[in-house]
Amino acid sequence: MLKTDGALLASRATRVLLAAERVLVTTGAGMSRESGIPTFRDALTGLWARYDPEELATEAGFRRHPARVFGWYAWRRRLVRAAVPHAGYHALVALERLVPSLAIVTQNVDGLHRRAGSRRVLELHGSLERFSCVDARHPFPGDAIPLPEADTECEPPHCPQCGSRVRPDVVWFHETLPERVTTEAWDLAASCQAMLVVGTSGLVHPAAQLPFIARDAGAMVIEVNPDPTEVSTAAHIVCRGPAGTILPALVAALREGEGEGARA
Ligand SMILES: [Zn+2]
């Protein structure tokens with residue numbers, strides 16, 4: 001049977017994954033968007049459309065207008081909670097069981113990988129589900145945070161330990177990435193044998209370096225994306241299409257390969 005280019009690439013990707021002991025998956029906004037979650041810029045609609053991203057995603061903006069900034073995050077958290085992980089998330093959960101070692105490094109703050117059931121998830125940019133105080137970063141329980149019914153301003157609670165305001169535990173502009181998670185992500189990129197790059201534009205640094213680190217260290221890089229990106233040049237194999245279609249197909253092919261005893 002003559003294979004289409006897409007099928008040929010998918011079977012190459014399957015062989016690479018079957019041969020790998022350590023697989024690293026990186027995911028970006030495209031992965032979330034397929035589950036209906038607006039990207040950072042897409043979320044600047046309605047009440048928030050008139051604000052500069054700098055005003056909504058910096059500590060300075062938060063200190064100037066805490067209720068406005070906190071309300072924006074509370075509203076996005078509500079959108080995320082209403083979203084359902086698509087088939088691509090479940091495929092990554094299955095992949096975790098099919099390869100000896102797999103980790104996911106995500107730039108997304110929606111927690112969908114964990115919700116789908118992935119166990120080893122590194123959240124480079126933090127999470128909408130975690131909170132801490134702005135002065136000392138004392139953790140604050142998320143279940144004590146209101147989920148507003150509409151896109152309104154929302155007064156943040158105060159930290160019981162130091163009295164400063166509670167903020168979302170996401171990485172804002174001009175902030176550094178969480179150190180422990182970043183170190184682990186960079187180590188994983190340098191030591192994996194196969195890397196799946198899913199739904200990332202390749203424009204957000206420093207996360208955009210990860211595929212290049214992996215390639216330079218000898219890993220096979222597989223991109224899964226409907227569109228060409230900055231990462232495409234680093235990829236050995238490019239699977240063009242949505243994650244919700246490509247990832248389940250890869251996992252199905254991998255299962256077939258496992259059944260044939262293809263793993264050495
Ligand atoms: Zn505090």
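Being a predicted model, the structure only gives us computed values, none of them experimental.
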Does any N or O in the side chain of [X] come within less than 3.5 Å of the main-chain N or O of [Y], such that one atom is a donor and the other an acceptor?
{"X": "S35", "Y": "H86", "result": "yes"}
{"X": "H236", "Y": "V221", "result": "yes"}
{"X": "S101", "Y": "R22", "result": "no"}
{"X": "E54", "Y": "A60", "result": "no"}
{"X": "R120", "Y": "I104", "result": "no"}
{"X": "T58", "Y": "E55", "result": "no"}
{"X": "R240", "Y": "N225", "result": "yes"}
{"X": "E153", "Y": "G71", "result": "no"}
{"X": "E34", "Y": "G244", "result": "yes"}

Would you call [X] and [Y] a side-chain contact if the rule is heavy atoms closer than 4.5 Å?
{"X": "R114", "Y": "E123", "result": "yes"}
{"X": "T26", "Y": "M195", "result": "yes"}
{"X": "V23", "Y": "C192", "result": "no"}
{"X": "R167", "Y": "C133", "result": "no"}
{"X": "T39", "Y": "R33", "result": "yes"}
{"X": "D169", "Y": "S127", "result": "no"}
{"X": "P148", "Y": "F70", "result": "no"}
{"X": "P156", "Y": "F131", "result": "no"}

- Check step by step if side-chain contact (heavy atoms from CB on, under 4.5 Å) holds for L95 and L250. CA-CA 9 Å; L95 190 60; L250 279 179; over 6 Å; no

Next item on the list: May I have the step-by-step check of side-chain contact (heavy atoms from CB on, under 4.5 Å) for V105 and L24, ending in yes or no?
Entry: CA-CA 7 Å; V105 174; L24 182 62; 3.7 Å; yes

E155/R68 ion pair, N-O < 4.0 Å
no

Find out if a path of hydrophobic residues (ILVMFWY) with successive side-chain heavy-atom gaps under 4.5 Å connects [X] to [Y].
{"X": "V121", "Y": "L98", "answer": "no"}
{"X": "L177", "Y": "W172", "answer": "no"}
{"X": "L56", "Y": "L128", "answer": "yes"}
{"X": "L124", "Y": "V198", "answer": "no"}
{"X": "L112", "Y": "V251", "answer": "yes"}

From the list T182, L188, T106, side chain to side chain contact (heavy atoms under 4.5 Å, CB included) partner of L122 resolves to L188

Checking V16, L196, T14 against I237 for side chain to side chain contact (heavy atoms under 4.5 Å, CB included), the one that qualifies is V16

Quick one: closest heavy-atom pair of [X] and [Y], and the distance?
{"X": "W186", "Y": "I213", "answer": "NE1-CD1, 3.1 Å"}
{"X": "H125", "Y": "Q107", "answer": "ND1-O, 3.3 Å"}
{"X": "R137", "Y": "S132", "answer": "NE-OG, 2.9 Å"}
{"X": "L92", "Y": "M31", "answer": "CD1-CE, 4.0 Å"}
{"X": "A94", "Y": "R255", "answer": "CB-NH2, 3.5 Å"}
{"X": "S32", "Y": "N108", "answer": "OG-ND2, 3.1 Å"}

**Working for side-chain contact (heavy atoms from CB on, under 4.5 Å), residues V109 and Y73** = CA-CA 11 Å; V109 293; Y73 284 92; over 6 Å; no

Within this structure, what is the [atom1]-[atom2] distance for the pair [X] and [Y], rounded to the nearest 0.5 Å?
{"X": "D227", "Y": "S232", "atom1": "CG", "atom2": "OG", "result": "9.0 Å"}
{"X": "E21", "Y": "Q193", "atom1": "CD", "atom2": "CD", "result": "6.0 Å"}
{"X": "C159", "Y": "D135", "atom1": "SG", "atom2": "CG", "result": "8.5 Å"}
{"X": "Y89", "Y": "S118", "atom1": "OH", "atom2": "OG", "result": "9.5 Å"}

Original post:
Distance only, no hydrogens: is a donor on one side chain within 3.5 Å (strictly under) of an acceptor on the other, for T27 and H113?
Top reply: yes

Next on the checklist: Can you see whether E230 engages S201 through a side-chain donor-acceptor pair at a distance of less than 3.5 angstrom?
Outcome noted: no

Does atom CZ (R119) have a neighbourhood of more than 12 heavy atoms from anything else shown, all under 6.0 Å? no

Parallel, tilted or perpendicular: which fits the ring planes of F40 and W72, with parallel below 30° and perpendicular above 60°?
perpendicular

message = Please determine whether salt bridge (Lys or Arg N to Asp or Glu O under 4.0 Å) holds for the pair D110 and R81, giving the CA-CA distance in whole Å, both sets of side-chain angles, and the decisive distance to 0.1 Å.
response = CA-CA 8 Å; D110 49 47; R81 286 201 169 192; over 6 Å; no

Yes or no on side-chain contact (heavy atoms from CB on, under 4.5 Å) for W75 and L147, after CA distance, side-chain angles and deciding distance? CA-CA 7 Å; W75 174 69; L147 279 167; over 6 Å; no

Practice problem: In sequence, state the C-alpha distance, the side-chain angles, and the governing distance for R115 and E129, and then conclude on salt bridge (Lys or Arg N to Asp or Glu O under 4.0 Å). | Solution: CA-CA 11 Å; R115 225 200 304 152; E129 286 295 337; over 6 Å; no

